[in-house]
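All chains are named by letter (A, B, ...) in the order of the sequence lines, taking the proteins before the strands, and each is independently numbered beginning at 1. The figures that follow rest on heavy atoms only: side chains count, while hydrogens, waters and symmetry mates do not.
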2 protein chains.
Amino acid sequence: MSTDTTRSAILTAAERLYAERGFGDVTLRDIVATAGVNLAAVNYHFGSKDELIAELFVTRSIVTNRQRLNELKAAESAGGGRAPIEAVLRALVGPTLRGCLGPDSQRSDAARFMIRAAIETIPPIRKIKNREIDHLRKFAAAMRRSLPGKPDAEIYWGLHFALAMAQQTVRDSERLLRLSEGACDLDDVDGVIDRVVAVASLALKTNMTGEAEAAERAEARKR
Amino acid sequence: MSTDTTRSAILTAAERLYAERGFGDVTLRDIVATAGVNLAAVNYHFGSKDELIAELFVTRSIVTNRQRLNELKAAESAGGGRAPIEAVLRALVGPTLRGCLGPDSQRSDAARFMIRAAIETIPPIRKIKNREIDHLRKFAAAMRRSLPGKPDAEIYWGLHFALAMAQQTVRDSERLLRLSEGACDLDDVDGVIDRVVAVASLALKTNMTGEAEAAERAEARKR
DNA sequence: GTCTATAGACTGATAGAC
DNA sequence: GTCTATCAGTCTATAGAC
């Protein structure tokens with residue numbers, strides 16, 4: 001068995017098992033048994049269990065990030081270098097939600113792996129997430145082009161809230177389904193994307209930093 | 001050493017170590033060494049490692065949930081049984097954000113433990129979170145009283161997004177701080193609560209289910 | 001209730017033969 | 001690159017002295 005097939009077999013088996021059973025319940029011995037390779041091969045090819053998980057996560061993240069940037073570029077090109085804020089936010093949250101939500105995501109090991117990664121955040125994955133700030137900065141810049149004059153803090157809060165709604169919907173989809181008893185349809189991925197984009201862009205378009213608004217909020221706080 | 005002090009010593013030591021180093025890096029032997037008690041005492045008092053973690057999490061959750069309900073009750077009493085939607089949302093997200101954000105939370109083991117629990121979601125904690133749906137139902141009911149005629153799905157999405165923004169701000173505060181390079185002030189807890197409440201109530205007050213709005217969103221999707 | 005001592009199984013990681 | 005064998009660590013769980 002050549003180098004590449006052993007390596008690939010480990011990656012494929014690991015992704016499937018992590019997707020099915022989560023990170024805590026899968027041992028290296030489970031993975032090598034499924035892959036039909038030797039235990040020491042994991043350390044030889046990846047160095048450690050954490051690095052194996054990191055490789056899986058990085059591979060999948062790159063795909064999502066590229067989709068995001070492609071959508072952003074397409075939207076900005078169509079608008080002559082400036083896209084409406086809705087389009088920028090859609091490029092940001094669309095790929096993640098399409099990848100992790102909807103009926104199809106049940107069948108893809110890659111999608112279920114990324115859902116697990118969103119739920120059971122373990123150290124090797126967290127370290128990688130902390131490195132994606134440069135990627136997000138490109139979206140902050142595009143948002144600034146969409147909303148010239150908007151204070152930076154507002155841009156960052158809007159970006160943060162958009163990601164928060166998207167990621168928490170992936171993380172806690174089960175809770176929302178049970179709470180709403182089916183009233184919220186998570187299989188309608190485009191509908192979910194519309195909602196997240198609508199709320200985030202509504203927040204960004206509304207002036208929430210002016211004195212009048214701050215006073216109103218302070219008033220509401222007292223009530 | 002009496003029963004209670006041993007039990008308490010284990011809880012105190014466990015909370016501090018989990019807060020400092022996370023769940024994956026702390027063994028029962030670390031805990032009993034810090035607590036100055038015997039290894040077998042953990043099994044005697046808690047049954048298992050997971051039940052020890054569950055006890056810690058439940059204890060802290062009860063405090064937060066009670067604060068939430070107290071604030072909700074106070075707001076609804078002041079309004080004669082119906083509170084403005086802002087007040088309901090504030091009661092929902094305020095206790096969590098006040099507990100986990102701000103300069104003080106750095107010094108409290110309890111706060112740092114809950115932040116860890118929000119970040120490193122492990123099975124025993126996830127099981128408990130799944131049981132808090134009944135608690136959230138009380139807020140859905142209060143929101144329905146605040147916004148009579150609002151479709152249930154809109155209520156649930158609003159509740160979900162409010163929690164998403166609050167919880168993700170706790171989870172990913174470091175990312176937001178680094179991304180914004182200090183432009184977003186997470187030490188201003190009241191300001192953060194204001195923002196979350198403002199965005200969520202804005203989304204709930206705006207009609208996003210009407211035909212005109214759906215058409216507009218469909219249009220925006222094409223652009 | 002607390003402790004010592006220990007069982008038995010499992011984990012990730014690695015040295016060294018091939 | 002692959003394998004065997006093994007290390008040092010972890011876990012739950014328990015028997016039995018005090």
Side-chain angles (χ1 to χ4, degrees), chain A residues 1-58 113 116-117 120-128, chain B residues 1-59 116-117 120-128:
Chain A
M1 195 177 273
S2 82
T3 297
D4 191 55
T5 58
T6 294
R7 213 186 127 87
S8 300
I10 292 171
L11 286 169
T12 304
E15 185 166 55
R16 203 188 85 207
L17 290 176
Y18 285 139
E20 282 172 2
R21 293 160 31 194
F23 297 105
D25 286 345
V26 177
T27 68
L28 286 186
R29 283 166 177 82
D30 293 333
I31 294 170
V32 296
T34 304
V37 302
N38 187 271
L39 174 61
V42 175
N43 262 52
Y44 176 79
H45 285 285
F46 301 97
S48 70
K49 183 190 185 181
D50 279 3
E51 286 172 276
L52 166 60
I53 294 174
E55 168 121 0
L56 283 168
F57 186 70
V58 166
F113 173 84
R116 287 283 187 189
E120 307 172 20
T121 320
I122 54 176
I125 289 177
R126 196 143 14 106
K127 281 183 75 173
I128 296 163
Chain B
M1 196 178 271
S2 83
T3 297
D4 192 54
T5 59
T6 293
R7 213 187 127 87
S8 301
I10 293 170
L11 287 169
T12 304
E15 185 165 56
R16 202 187 85 209
L17 290 176
Y18 285 139
E20 282 173 2
R21 292 158 36 193
F23 296 106
D25 286 345
V26 177
T27 68
L28 286 185
R29 283 167 178 80
D30 293 333
I31 294 170
V32 297
T34 304
V37 303
N38 188 270
L39 175 62
V42 175
N43 260 42
Y44 176 80
H45 284 285
F46 302 96
S48 70
K49 183 189 185 182
D50 279 2
E51 287 173 276
L52 166 61
I53 294 174
E55 168 120 0
L56 283 168
F57 185 70
V58 166
T59 303
R116 287 281 188 190
E120 307 173 21
T121 320
I122 54 176
I125 289 177
R126 198 145 12 108
K127 282 184 72 171
I128 295 163

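The distance between atom NZ of Lys49(B) and atom P of dA13(D), rounded to the nearest whole Å, is 13 Å. dC3(D) atom P lies 14 Å from atom CG of Asn43(A), rounded to whole Å. The interatomic distance linking Arg7(B) (CZ) with dT2(C) (P) rounds to 11 Å, in whole Å. One interatomic measurement links the two molecules: CD1 of Ile122(B) to P of dC11(D), which rounds to 13 Å at whole-angstrom precision. In this structure, Ile31(A) places its CD1 atom 11 Å from P of dA13(C), rounding to the nearest Å. Phe23(A) places its CZ atom 17 Å from the C1' atom of dG12(C), with the value rounded to the nearest Å. Regarding Phe46(A), its CZ atom lies at a distance of 16 Å from the P atom of dT14(C), rounded to whole Å. Rounded to an integer number of Å, the gap from Asp50(A) CG to dT11(C) C1' is 13 Å.
Both Asp30(A) and Ala40(A) lie close to DNA chain C; mapped to their nearest nucleotides by heavy-atom distance, the more 5′-ward contact belongs to Asp30(A).
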*asked:* Pair Arg7(A), Glu55(A) - check side chain to side chain contact (heavy atoms under 4.5 Å, CB included), show working.
replied: CA-CA 11 Å; Arg7(A) 213 186 127 87; Glu55(A) 168 121 0; 2.4 Å; yes

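When distances are taken from the side chain of Tyr44(A) to each of dG1(D), dT2(C), dC3(C), the shortest belongs to dG1(D).
Using bins of under 30°, 30° to 60° and over 60° for the plane-to-plane angle, the ring pair Tyr18(A)/Phe113(A) lands in the tilted bin.
The phosphate of dT2(D) (OP1 or OP2) has a side-chain N or O of Thr6(A) nearer than 4.0 angstrom. For Ser48(B), no side-chain nitrogen or oxygen approaches OP1 or OP2 of dT12(D) to under 4.0 Å. One finds a side-chain N or O of Arg29(B) lying less than 4.0 angstrom from the OP1 or OP2 phosphate oxygen of dC11(D). Phosphate proximity of dT2(C) to Asn38(B): absent, as no side-chain N or O sits under 4.0 Å from OP1 or OP2.
Under a 4.0 Å N-O distance rule, the pair Arg21(B)/Asp30(B) qualifies as a salt bridge.
When heavy atoms are screened at a 4.0 angstrom cut-off, Ala41(A) is found touching no nucleic acid atom at all. Residue Leu39(A) is classed as a base contact, given a heavy-atom separation below 4.0 Å to a base. Note on Gly24(B): nothing from the nucleic acid sits closer than 4.0 angstrom, heavy atoms only.
Atom OG1 in Thr6(A) sits 10.0 Å away from atom CG in Asn38(A) (nearest 0.5 Å). Here the OG1-CG distance, from Thr34(B) to Leu17(B), works out to 4.0 Å after rounding to the nearest 0.5 Å.
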